Amino acid sequence: MPTADGRRDGADGPRPVNGRHSALTLTVNGTPHALTLDHRSTVLDLLREHLGLTGTKKGCDHGQCGACTVLVDGRRANSCLLLAVAHDGRRITTVEGLADAERLHPLQEAFLERDALQCGYCTPGQICSAIGVLAEAADGFPSHVTPDTAPSGAPVALTADEIRERMSGNLCRCGAYPRIVEAVADAAAAGAGVRGR
């Protein structure tokens with residue numbers, strides 16, 4: 001459970017090693033990692049360069065394309081904008097952490113069944129973002145297109161308009177948007193969500 005300042009219970013924050021590095025612990029895809037990182041390292045750099053998890057892609061490096069989307073404590077976030085030292089004690093889930101052993105996450109299966117990808121570069125970010133969308137809608141968070149008459153705090157029905165609006169921060173240069181919307185709708189109808197991590 002996060003504390004008022006956003007840290008996890010029991011986390012004292014990163015421990016400075018010298019003027020430019022700190023020691024921290026992050027749980028990535030269910031595995032704790034104790035690391036010493038440069039203060040300027042982003043979560044994206046940590047994942048790709050230090051942990052070898054290259055499913056999360058570097059696109060624009062400005063938080064505008066969504067290719068680097070991961071889940072931080074279950075919420076979607078652009079990892080290129082997150083300083084790793086500011087996330088000491090957090091749980092991060094990448095596309096590599098979604099499958100349950102050899103069984104794909106239902107959203108991964110839906111993307112395959114709907115052929116919701118072409119080159120695949122944006123797909124890991126799209127899938128992580130879609131998991132965040134499902135959780136946000138289930139928790140009753142409205143979007144710009146949620147009707148004003150919707151009951152406050154009640155789960156939001158994921159219509160095609162809701163999905164398009166909520167996924168608008170994830171760009172696909174190949175233009176697979178209609179299939180992405182269908183895949184997210186299929187997963188929502190099947191009750192898909194984040195498994196365990």
Side-chain angles (χ1 to χ4, degrees), residues 1-2 29-30 43-44 47 55-57 59-60 62-82 90-101 103-197:
M1 173 75 89
N29 298 331
V43 170
L44 176 60
L47 295 171
T56 305
K57 303 299 187 224
C60 66
H62 294 285
Q64 297 177 359
C65 73
C68 68
T69 305
V70 297
L71 299 168
V72 179
D73 291 337
R75 298 261 186 222
R76 59 187 170 147
N78 292 326
S79 61
C80 73
L81 298 179
L82 307 177
R90 301 287 176 99
R91 290 177 301 108
I92 297 172
T93 304
T94 69
V95 70
E96 292 95 340
L98 298 177
D100 185 9
R103 187 170 185 276
L104 294 178
H105 186 281
L107 261 164
Q108 291 170 311
E109 290 173 353
F111 267 66
L112 288 173
E113 288 170 14
R114 285 292 188 168
D115 195 23
L117 58 139
Q118 289 183 35
C119 80
Y121 195 82
C122 72
T123 305
Q126 296 274 2
I127 290 172
C128 285
S129 188
I131 289 171
V133 164
L134 295 177
E136 290 162 14
D139 289 343
F141 291 107
S143 77
H144 180 68
V145 299
T146 304
D148 293 339
T149 57
S152 179
V156 177
L158 283 176
T159 63
D161 284 344
E162 281 283 353
I163 294 168
R164 279 192 290 272
E165 172 65 24
R166 291 169 186 268
M167 293 292 293
S168 64
N170 290 80
L171 304 180
C172 174
R173 293 183 67 177
C174 301
Y177 297 115
R179 298 294 182 149
I180 291 168
V181 171
E182 292 168 0
V184 175
D186 288 351
V194 180
R195 286 196 199 127
R197 298 210 212 302

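These values consider heavy atoms only, across backbone and side chains, with no hydrogens, waters or symmetry-generated copies. No experiment lies behind these values; they were computed from the predicted model shown.
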**Item:** Minimum heavy-atom distance C128-L71, with the two atoms named
**Value:** O-CD2, 3.5 Å

**Asked** With side chains defined as the heavy atoms from C-beta onward, is the minimum distance between T159 and E162 less than 4.5 Å?
**Response** yes

**Asked** D100 and H105: side-chain contact (heavy atoms from CB on, under 4.5 Å), yes or no, with the steps?
**Response** CA-CA 7 Å; D100 185 9; H105 186 281; over 6 Å; no

**With sequence neighbours excluded, residues passing side chain to side chain contact (heavy atoms under 4.5 Å, CB included) with Q64** = C60, H62

**Request:** Using salt bridge (Lys or Arg N to Asp or Glu O under 4.0 Å) as the criterion, list what pairs up with R75, not counting sequence neighbours.
**Result:** none

**Any residue meeting side chain to side chain contact (heavy atoms under 4.5 Å, CB included) with C122, in chain and number order, not counting sequence neighbours** = Q126, C172

**Item:** Heavy-atom donor-acceptor pair, D73 side chain to R91 backbone, under 3.5 Å
**Value:** yes

**Prompt:** Just wondering, do I131 and R76 contact through their side chains at under 4.5 Å, heavy atoms?
**Reply:** no

**Message:** A183: which residues meet the side chain to side chain contact (heavy atoms under 4.5 Å, CB included) condition with it, sequence neighbours left out?
**Reply:** A110, F111, R114, A116

**Asked** Given V156 and R166, is the side-chain contact (heavy atoms from CB on, under 4.5 Å) satisfied, shown in steps?
**Response** CA-CA 12 Å; V156 177; R166 291 169 186 268; 3.6 Å; yes

**Asked** Do K57 and L44 come close enough that some side-chain heavy atom pair is under 4.5 Å?
**Response** no

**Item:** Beyond-backbone contact of T56 with P124, side-chain heavy atoms, under 4.5 angstrom
**Value:** no

**Asked** Taking the side chain as C-beta and beyond, is there a heavy-atom pair between L98 and Q108 under 4.5 Å?
**Response** yes

**Message:** Looking at D161 and R164, is there a salt bridge between them, counting it only when a charged N and a carboxylate O are closer than 4.0 Å?
**Reply:** yes

**Message:** Considering only residues two or more places apart or on different chains, which pairs with a residue in residues 115-124 satisfy side chain to side chain donor-acceptor pair (under 3.5 Å)?
**Reply:** none

**Message:** Could you work out, with side chain to side chain contact (heavy atoms under 4.5 Å, CB included) as the rule, every residue matching A185, not counting sequence neighbours?
**Reply:** I163

**Item:** V133 and F141, any side-chain heavy atoms less than 4.5 Å apart
**Value:** no

**Message:** Ignoring hydrogens, what is the shortest heavy-atom contact between S79 and C68? Give both atom names and the distance.
**Reply:** OG-O, 2.7 Å

**Message:** To the closest 0.5 Å, what do you measure between CD1 (I127) and OG1 (T94)?
**Reply:** 11.5 Å

**Asked** What is the minimum heavy-atom distance between N29 and T93, and which atoms define it?
**Response** OD1-CA, 3.4 Å

**Prompt:** Between N170 and S129, do the side chains contain an N or O donor and an N or O acceptor separated by less than 3.5 Å?
**Reply:** yes

**Asked** How about L107 and L134: do any of their side-chain heavy atoms sit closer than 4.5 Å?
**Response** yes

**Request:** Heavy atoms only: give me the nearest G63-L81 pair and the separation to one decimal.
**Result:** CA-CD1, 3.7 Å

